[in-house]
Peer 1: 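Quick one: structure below, then a few questions.
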Amino acid sequence: MALLSTHDLTAHYGDFQALFGVDIDLNDGETIAIIGANGAGKTTLMRSIAGVLINGRDTVSFNGDAIGNATADAIMAMGVAMVPEGRRLFPSLSVEENLLIGTYGRKNGGHWNLDTVYDLFPILKERRNNPGTALSGGQQQMVAIGRALMSNPRVLLCDEISLGLAPVVIRDIYKAVPKIKEAGASLIVVEQDIGQAMQVADRVYCMMEGRVTLSGTPATLSRDAIHDAYFGAAA
Amino acid sequence: QGARIKLGYVSPQSGPLAAFAEADNFILSNFASSAVAENFEVIVKDSQSNPNRAADVAQELIIDDEVDMLLVASTPETTNPVATTAESEGVPVISTVAPWQPWFIGQQGNPGNPDSWEPFDYAYHFFWGLEDVISVFTAMWAQLDTNKSVGGLFPNDGDGNAWGDPNVGFPPVLDAQGYTLTDPGRYQNLTDDFSAQINAFKQGDVEIVTGVPIPPDFTTFWNQAKQQGFTPKAASIGKAILFPQAVEALGDSGHNLSSEVWWSPSHPFSSSINGLTAGQVADAYTSETGKQWTQPIGFVHALFELAVDVMGRVDDSSDGDAVAEAIAASNLNTVVGPIAFDGAGLPPFAAPNICKTPLVGGQWRLNEGGGYDLVIVDNSDQPSIPTGGTMEAIS
Amino acid sequence: MSDHTTPYAVHTGTKASKIAGVLALILIVVLVALPAFASRSLIQDMFFILTMLVLAQFWNLLAGYGGLVSIGQQAFVGIGAYAMFGVVILAGLDPIPAILLGGVVAVLLAIPTAFFAFRLQGAYFAIGTWVIAEVVRLMTSQWQAVGGGTGTSLPRSATRELMFAEAIESLFGVRSAAARDILSYWLAVILAVATIGGIYWLLRTKRGLALAAVRDNIEAAKSVGVDAGRMKWVVFLVAAFGTGIAGALIYLQKARISPDAAFSVTDWTAYVIFIVVIGGIGTIEGPIVGVLVFFILQSLLADYGTWYLMLLGIIGIIIMLFAPKGLWGLISARTGIELFPVRRRLTGGALDIQKSKTKQSEEAPNG
Amino acid sequence: MVTPASMLALQNVSKSFGALKVTDDVTFDVPEGQALGIIGPNGAGKSTLFNLITGNLPADTGSIHFEGRDVTKVPAMQRCISGVGRSFQIPQPFTHLTVYENLVVAATFGRQSTESDVMRQCAVILERTELIGKANQTSGSLSLLDRKRLELARAMATHPKLLLLDEIAGGLTEGECHALVETIKAIHAEGVTIVWIEHVLHALTSVVERLLVLDFGRVIGIGDPDAIMESKEVKEIYLGIDV
Amino acid sequence: MIWIDTIIQGVLLGGLYALFAAGLSLVFGIMRLVNLAHGDLIVMGAYLILLLVTMTGLSPFVAAAIAIPFMFALGYGLQKYMLNRVLGEDILPPLLVTFGLSVVLQNALLEGFSADSQRLPTGTLSTASVEVAGINLGVLPLLTFGSAILVIVALNWLFYRTELGRAFRATSDDATTASLMGIKPANIFAKATGIAMIIVTIAALYLGMRSNFDPNIGPARLIYAFEAVIIGGLGSLWGTLLGGIIIGVAQTVGAAINPEWQILAGHIAFLVVLLIRPRGLFPRAVD
Ligand SMILES: Nc1ncnc2c1ncn2[C@@H]1O[C@H](COP(=O)(O)OP(=O)(O)OP(=O)(O)O)[C@@H](O)[C@H]1O
Ligand SMILES: Nc1ncnc2c1ncn2[C@@H]1O[C@H](COP(=O)(O)OP(=O)(O)OP(=O)(O)O)[C@@H](O)[C@H]1O
Ligand SMILES: [Mg+2]
Ligand SMILES: [Mg+2]
């Protein structure tokens, strides 16, 4: 049985419907990637899973429990952590405080703590007393990831963690993925950069206009199929 | 005899001035159980201590309830809007518990220009005036050995502006009697700091403090004065220390504060309705409510005495002009003394509408077992009212 | 773009609004004629309702349409009233023209106020306006010529010889006090009709659209050429003018003024906010519903003093918690009624073709 | 140098948010009547550049000329009135207004005319952007696709001389995309200068005559679209394709 | 000498205003909540202390300590069940709800305790003074000022040195992202209001010992508290203290020129500061 899955998930912003019956599965130990154009609903999907958007009870299940109607803090306490789109560091907190706040709702003494996170991203140790927002984009992204790791999650949701980063920085960040998996987390990675997504993911879902239009393993998906699913048609 | 005579009564039963109306229920129920009451219907309205609301309820009483006469009590904030409304509606009104200057001058369009002042056709008022309180205060001070240097604490409100007025208030009289007055200026009510006044008083070598602050301001002032080492020999204060609770709020430092006394159980007057003496009225209040007597009791009582008397002298109570004439012709001995609108002791412009009642001076004395008593210490203007002691300096 | 369709046209009215329009005209006639058959107390109640309605409409214009949550509108009520008293007492002007002057002085006060307050945002703006109103109140209480902190009354000579009052006295055969009430009432009717009419007109012009656009999204509004800053100024000054006039009128009827009363944040801003919010903010109907509810509560309960005020507070809290769009919001959500529609509906042209298409497809199964 | 014929010219424009420099010494110009495409990775500063051109954000340094006039300090609404129209990447409709009313605001204020004058033009723009059927819906209820159409329509309603389009083709089907391209071509053919940010490259390249690549707020290439697309940097940095 | 005295008295007065303002600052800083009932809550706290004092005969200080848990619980409940429901972008709903609360509180107190003015018994404390370099300083004002500083120091410690403080700041920055960290914003806000009510109780203690109070005096002090918070800068606690001092000194200096100017001077100082720095003296980097 899947560790985490969604069933017929829908989402609305006011009058506007952003998701139309999305089904995805994440198996234990697996990394899946969600790709799709701007506004396809990837972030909305992440927010629905994380409990920022509340849905029907049975739309999301985690570890056998129906958690669709649980609030974000409860879901986080169960072990689903999110690296939100756009980093979203707390400007009033220093780098170290930003990391520490990650343990607020879940303290379980797993692999990840301040030391191991600093080992993963050594630059953060140097900048630990800076305000989080004084870092470069890539460093900020490292803090956001470290913050989510501090709770030693079972599932880590990463929303466009390479957004706005230089390729070399992206490479650094993605280098951390194997270590994260090693420590026992399964990952859902949202990416616009298809190449990047294909590299890390065991399976890929492609979304368009609030629906999953394609899914499969990277090896079985042709560039053309992705392109179709991505933009609606071939160029 | 047909319909009952309708009286409208407005007072501040809630809000910051509510202490003034505390005895209202006692007096109204006494009145209702008296023999004359069956001719009257009294409609009571609460001004909520808000001048806007006071004017509104006066309008309601006149227009909706069609009262024959309005009665109103307690501070210019209540009496003035009601009297102004009644006057412009042509309904007679009797008012009390506000010194006559703020009542009369405060209702004039331009208080600064005496030539523009006009008398009223329907509004009548009985109480004492600033000249009386000045006379009482100076007489009390004269009992002490002081340097005749006075500090004034006058807020920027109806009472404060009248007391501090350079023409009709304290300054000219004090000047004439050889006192020097240090008046730092009008302050706003609910001020949190009186260092400026205290410093000015210290500089002026002030030994006597007077004024009409509201209770919280006086507490603030008095504590700060003590903290900052300013200790006058006498403090004669209007309004703030009128009520025993206000003095009790000062803890022990209220001892020997002095104030004007408009009515007390020892006033040698009695009610024209039931013949009870001032002392008996006060006792009845204490036994009925368990509370210490307060000064407005007598005046609210007298308000109804006068209403009964006036209505007894008119044929048609709904004829406003006739009622007004009857008020003007009053000559009645009430529980606060004789009331007649004969202009005694008043300047000509105020003579038609105002009657003055007697005023003496008193001092709050700390009891052995806690609580304070108001002791009359000066009766030089009203020898008929007995004193209970002599003026003592604040230690 | 086909030529066998009607040309494009824009409609704003709805069926309900047309009926409402006719009813409103009848209502205005009834209001004007009211003094001929109503009691004085009804006239006074109506005066209260109408003037509070005017204040509420202007506050609603500010906060509901302009996004300017001011808790300092009492400054304009007070300054309008004091300006009127000032010129009547000191310059001997007749109170009726002095009312207009109250509005003008309020605008003069609004200019520096806006200059300052527009630098502030949100809660800062709200508190800033409150402090400015306090400053104006304190300054006014230093103005000894009109009684300082004590306050003053309109000279009886001025109220007695009020413009038009004599004509009304003989017309209705009433006493002068009643004639004055009728006169103030008529002025209140004129002011209320002009206010509602004027605001409705404003909302139906392109400026009304621009206001709504600024409220929805200020950056996008700027990007399509809307001068958001100027809209704020216009709304603020118009509201100050109307509020100042209402203040002068209210105190003409009261004939007595004091700084604490005229600049009362509770009476002239807090209750007004209650009215707007209870009725429904951001609609013209809301303040009308709100003022009626407020009046009914007040006349039923005001004699219960503290309990009345407590109840008023509780009602305000409950409405805010459970019906944030107010009573009118509830009504119009249920019924879809809009008495003052501002929505433009485009008809004709390609829309006609579409309509006939959908009609056909709707009819087809039946046929 | 500012050539007289240039519609838009930026000179050494920079903008930072705190420590983050998102526009770094950008200089380029767009001749009148040209269509320029802008590409670059997410967060490269493309939308920020638009905000600087329209005046929604003030530039820290540098100058911006529109039709030869220095507009660096001119407020956004004034720039719109003088002919700069824009769409927003994240659609920003006036949600409480109807689609038609959205256009009326833009048309009456953007070109300073009266409502009756613009009614027909607004209707025509709605027809061209396939929104006419939804003219009387509130724009808050529109789907993303229609919101993007509304962005274009509203920008057109201001009657711009310079039209700035920010990712309006994302998520369109082939047919829709084709229709959009035709519309933009038609606008372009009417002589409107266009600057278009787009990730859907085939759509972009079928319209624009010149392409600008932005990375880390810096212009790393500008010129003929085919040449730019073939360059190694663009393939690596932007497309994420290993060459 | 008089000028030095005037300024020192103003500083001490500023301590009182800062104490009134500290709770407001906390709540305003964390959730942008404009609490119009703050003044009335202080008055309510004073009545609670008075009630305890008259019932048990304890000293006001002990009574205040007993009142603190009650006030915390009240604040917690108030926020959790009422105010949380109206928090959001729009400042109007909380403005109205707290205004409604203010009206209800004032009148409930009036009904329960009458309009009589009351005072907490202080014995000789209220008039005691110490002389420092020729200037008489009241012991009570010194205590008030000292307590204000203690409160600010304690709040700063809570804010910057504890996990709860981190959660406060994080939630204040971005409640949605905070919930992704396992923080329940609703409970955090309730705790913040609870803590604010502890400070309210301390303010009530000094208000009640300094002068008379009655159910209606809340709003008059509220405006000074707001001024102190705003000119200090949103969320800056030391700024609030400085803001209180600025208002206090402006008032005493204004009064020394002419008592007519006392309160006006405080307001004008507020306006001048905002004219120069529209976001206050120590604004936060982000709002
Ligand atoms: N708070 C919101 N209110 C209204 N609409 C929203 C909101 N957030 C997102 N949307 C809309 O929902 C749709 C899906 O958005 P979402 O952010 O999930 O897309 P995405 O796939 O993550 O896109 P991107 O690649 O740009 O991050 C978009 O049309 C967007 O405009
Ligand atoms: N108002 C702002 N405050 C702080 N940072 C901002 C602001 N606006 C944008 N940024 C940052 O500036 C950078 C550039 O943003 P911009 O929106 O211009 O990127 P873009 O090139 O349009 O990206 P995309 O292709 O994703 O739209 C990003 O890192 C963004 O987070
Ligand atoms: Mg996204
Ligand atoms: Mg962008």
Side-chain angles (χ1 to χ4, degrees), chain C residues 63-64 67 69 71 112-113 115-128 130-139 141-142 144 148-149 265-266 269-271 273-274 276-278 281-282 304-322 324-326, chain E residues 28 32-34 36-37 81-83 85-86 88-112 115 215 219-220 222-224 226-227 229-231 234 258 260-268 270-272 274-280 287:
Chain C
V69 178
I71 41 183
T113 303
F115 168 76
F116 171 78
F118 285 173
R119 293 166 58 89
L120 312 176
Q121 306 293 327
Y124 283 43
F125 177 85
I127 306 290
W130 185 17
V131 173
I132 291 171
E134 279 297 288
V135 167
V136 179
R137 175 178 73 84
L138 292 167
M139 302 261 220
S141 44
Q142 318 281 352
Q144 295 302 338
V265 62
T266 311
T269 300
Y271 286 155
I273 298 180
F274 259 123
V276 175
V277 173
I278 287 176
I281 192 168
Y304 298 95
T306 53
W307 294 105
Y308 154 66
L309 292 171
M310 255 190 272
L311 187 70
L312 201 64
I314 290 170
I315 288 176
I317 293 174
I318 287 175
I319 292 210
M320 218 54 255
L321 289 180
F322 300 104
K325 290 195 170 160
Chain E
F28 194 31
R32 314 286 191 279
L33 177 71
V34 179
L36 290 182
Y81 299 106
M82 196 162 104
L83 298 177
R85 304 182 53 132
V86 287
E89 275 292 287
D90 191 358
I91 65 161
L92 201 55
L95 210 66
L96 254 144
V97 167
T98 54
F99 176 73
L101 187 64
S102 153
V103 173
V104 172
L105 271 179
Q106 261 179 52
N107 288 284
L109 290 174
L110 210 54
E111 208 41 56
L222 178 69
I223 194 164
Y224 305 140
F226 267 122
E227 287 173 338
V229 173
I230 288 182
I231 62 182
L234 186 69
N258 185 337
E260 285 181 357
W261 282 87
Q262 181 155 7
I263 291 175
L264 207 50
H267 292 324
I268 287 172
F270 165 81
L271 295 179
V272 168
L274 276 198
L275 199 61
I276 301 165
R277 319 233 358 196
R279 280 155 37 91
D287 267 327

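Atoms considered below: every heavy atom in the structure, side chains included; atoms not considered: hydrogens, waters and symmetry mates. Lettering of chains follows the sequences in order, A, B, ..., and the numbering in each one begins at 1. For clarity, every value in this text was computed on a predicted model and none was experimentally measured.
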Peer 1: Quick check on E:L105 against chain C: is it the side chain, the backbone, both or neither that has a heavy atom closer than 4.5 Å?
Peer 2: neither
Peer 1: A side-chain contact here means heavy atoms from C-beta on lying under 4.5 Å apart; do E:F99 and C:I273 qualify?
Peer 2: no
Peer 1: From C:L309 CG over to E:N107 CG, what is the distance, rounded to the nearest 0.5 angstrom?
Peer 2: 4.5 Å
Peer 1: If you count heavy-atom pairs under 4.5 Å between each of C:V69, C:I127, C:V265 and chain E, which one has the most?
Peer 2: C:I127
Peer 1: Answer with side chain, backbone, both or neither: which region of C:L120 has an atom nearer than 4.5 Å to a non-hydrogen atom of chain E?
Peer 2: side chain
Peer 1: For E:L275, which atoms come within 4.5 Å of any heavy atom of chain C: side chain, backbone, both, or neither?
Peer 2: both
Peer 1: Atom CG of C:L321 and atom CG of E:L83: how far apart are they, to the nearest 0.5 Å?
Peer 2: 8.5 Å
Peer 1: Excluding sequence neighbours, so at least two apart, what forms ring-ring contact (aromatic ring centres under 6.0 Å, His included) with C:F125?
Peer 2: none
Peer 1: Flag the pair C:Q142 / E:W261 as yes when at least one side-chain heavy-atom distance between them is below 4.5 Å, and no otherwise.
Peer 2: no
Peer 1: How long is the span from the OH atom in C:Y124 to the CG atom in E:L274, to the nearest 0.5 Å?
Peer 2: 8.0 Å
Peer 1: Given that the side chain runs from C-beta out, which part of C:V131 has a heavy atom under 4.5 Å from chain E: side chain, backbone, both or neither?
Peer 2: both
Peer 1: Taking E:G280, E:A108, E:P219 one by one, which has the highest count of heavy-atom pairs under 4.5 Å against chain C?
Peer 2: E:A108
Peer 1: At a heavy-atom separation under 4.5 Å, does C:I281 approach chain E through its side chain, its backbone, both, or neither?
Peer 2: side chain
Peer 1: Who among E:I230, E:L110, E:I223 has the most heavy-atom pairs with chain C under 4.5 Å?
Peer 2: E:I223
Peer 1: Indicate the ring-plane relationship of E:F226 and C:W130, choosing parallel, tilted or perpendicular according to the 30° and 60° boundaries.
Peer 2: perpendicular
Peer 1: Going from CD1 on C:I317 to CZ on E:R85, what distance comes out if it is rounded to the nearest 0.5 angstrom?
Peer 2: 12.5 Å
Peer 1: For E:I91, which atoms come within 4.5 Å of any heavy atom of chain C: side chain, backbone, both, or neither?
Peer 2: side chain
Peer 1: How long is the gap from CD on E:E227 to CD on C:E134, to the nearest 0.5 Å?
Peer 2: 8.5 Å
Peer 1: So for E:V97, is it side chain, backbone, both, or neither that comes closer than 4.5 Å to the heavy atoms of chain C?
Peer 2: both
Peer 1: Just verifying a value: how many Å separate E:T98 OG1 and C:M320 CE, rounded to the nearest 0.5 Å?
Peer 2: 11.0 Å
